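Read through the structure below, which is laid out as structure tokens, and then see the notes.
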Amino acid sequence: MTNALTFFLLASIIVAFSVLSITARDAIRSVIFLFGVMFNVAALFVLLDAILISVTLLILYLTISICLFLCGILIFDLNLFQMRKVVAQYSNLGLTVTLILLIELSVGFVAYLFSRLSSIGSELLSNNAFSFS
């Protein structure tokens with residue numbers, strides 16, 4: 001049951017971030033939403049026990065996206081004042097996406113802890129399990 005709820009939560013967030021990434025008129029907003037999509041897809045692979053694919057997705061795709069994004073920023077030849085203005089403009093959006101990802105991570109961690117606690121056998125919780133001679 002927990003896996004199904006986690007799947008549908010991640011899938012709905014992936015769809016929402018994908019639509020936001022496509023409909024964003026600004027390239028920076030589109031890349032920020034794309035990062036959210038990639039992290040959630042990696043979480044789906046973790047849910048499927050495909051850890052290697054998840055880590056590969058995060059390392060390769062995010063590194064390539066960040067490099068292309070930084071190359072695009074370097075093309076604009078912005079000075080320091082303009083960079084501060086752009087950072088101030090997009091900091092709220094970046095913090096919002098980061099907060100959503102942290103909430104997802106904490107919910108997933110709590111669900112993992114509850115699944116581990118529910119899998120403890122009753123023989124471990126009996127009185128004789130903790131007796132010492």
Side-chain angles (χ1 to χ4, degrees):
M1 182 70 176
T2 307
N3 288 340
L5 289 175
T6 307
F7 171 78
F8 286 118
L9 174 72
L10 290 173
S12 63
I13 292 174
I14 287 171
V15 169
F17 276 156
S18 299
V19 168
L20 288 172
S21 178
I22 292 169
T23 59
R25 294 187 181 266
D26 195 6
I28 297 172
R29 289 177 191 241
S30 180
V31 169
I32 290 173
F33 291 133
L34 185 64
F35 289 160
V37 169
M38 286 184 192
F39 277 113
N40 284 309
V41 169
L44 277 180
F45 281 123
V46 169
L47 188 64
L48 293 171
D49 291 331
I51 307 295
L52 181 66
I53 296 173
S54 173
V55 171
T56 304
L57 178 103
L58 287 178
I59 290 172
L60 289 178
Y61 288 148
L62 286 179
T63 306
I64 291 169
S65 299
I66 289 171
C67 289
L68 289 173
F69 183 63
L70 290 175
C71 288
I73 287 176
L74 290 175
I75 290 171
F76 291 127
D77 192 30
L78 302 172
N79 62 15
L80 189 60
F81 179 72
Q82 289 173 335
M83 287 296 287
R84 286 184 183 168
K85 183 180 174 184
V86 169
V87 168
Q89 183 180 0
Y90 294 108
S91 63
N92 291 336
L93 179 66
L95 290 175
T96 304
V97 172
T98 304
L99 183 67
I100 290 171
L101 293 175
L102 287 175
I103 289 171
E104 288 178 20
L105 185 65
S106 62
V107 167
F109 184 69
V110 168
Y112 172 75
L113 288 179
F114 280 131
S115 69
R116 294 295 290 175
L117 287 175
S118 66
S119 66
I120 294 175
S122 61
E123 66 275 355
L124 292 177
L125 297 177
S126 67
N127 290 335
N128 295 336
F130 298 107
S131 64
F132 298 103
S133 59

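Atoms considered below: every heavy atom in the structure, side chains included; atoms not considered: hydrogens, waters and symmetry mates. A quick note: this is a predicted structure, and the numbers were derived from the prediction, not measured.
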Between [atom1] of [X] and [atom2] of [Y], what distance do you get to the nearest 0.5 Å?
X   : Y   : atom1 : atom2 : value
I22 : L34 : CD1   : CG    : 10.0 Å
T98 : F39 : OG1   : CZ    : 8.5 Å
N40 : L9  : CG    : CG    : 8.0 Å
L52 : L57 : CG    : CG    : 11.0 Å
L20 : I13 : CG    : CD1   : 11.5 Å

Exercise for the section: Check step by step if side chain to side chain contact (heavy atoms under 4.5 Å, CB included) holds for V41 and V37. Expected result: CA-CA 6 Å; V41 169; V37 169; 4.2 Å; yes

Which atom names give the shortest non-hydrogen contact between [X] and [Y], and what distance separates them?
X   : Y   : value
V97 : G36 : CG1-CA, 4.4 Å
I14 : S18 : O-OG, 2.7 Å
R29 : L93 : CG-CD2, 3.4 Å
V46 : S54 : CG2-OG, 3.4 Å
L58 : M38 : CD2-O, 4.3 Å

Exercise for the section: Treat each ILVMFWY residue as a node, draw an edge where side-chain heavy atoms are under 4.5 Å apart, and state whether F17 and V15 are in one component. Expected result: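 Different clusters: F17 never reaches V15 through Ile, Leu, Val, Met, Phe, Trp or Tyr contacts under 4.5 Å.
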
Exercise for the section: State plainly whether one hydrophobic cluster holds both L10 and L99, where clusters connect Ile, Leu, Val, Met, Phe, Trp and Tyr through side-chain heavy atoms under 4.5 angstrom apart. Expected result: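 No, L10 does not connect to L99 through the hydrophobic network.
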
Problem - S30 side chain vs A24 backbone, donor-acceptor pair below 3.5 Å - result: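 No, because the side chain of S30 does not come within donor-acceptor range (under 3.5 Å) of the backbone of A24.
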
Practice task
Examine distances only and state if a side-chain atom of T96 and a backbone atom of N92 form a donor-acceptor pair shorter than 3.5 Å.
Solution key: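 Yes: the side chain of T96 pairs with the backbone of N92.
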
Handout entry: Test side chain to side chain contact (heavy atoms under 4.5 Å, CB included) applied to F45 and I51, step by step
Key = CA-CA 7 Å; F45 281 123; I51 307 295; over 6 Å; no

Exercise for the section: Apply side chain to side chain contact (heavy atoms under 4.5 Å, CB included) to V55 and I59, showing your working. Expected result: CA-CA 6 Å; V55 171; I59 290 172; 3.5 Å; yes

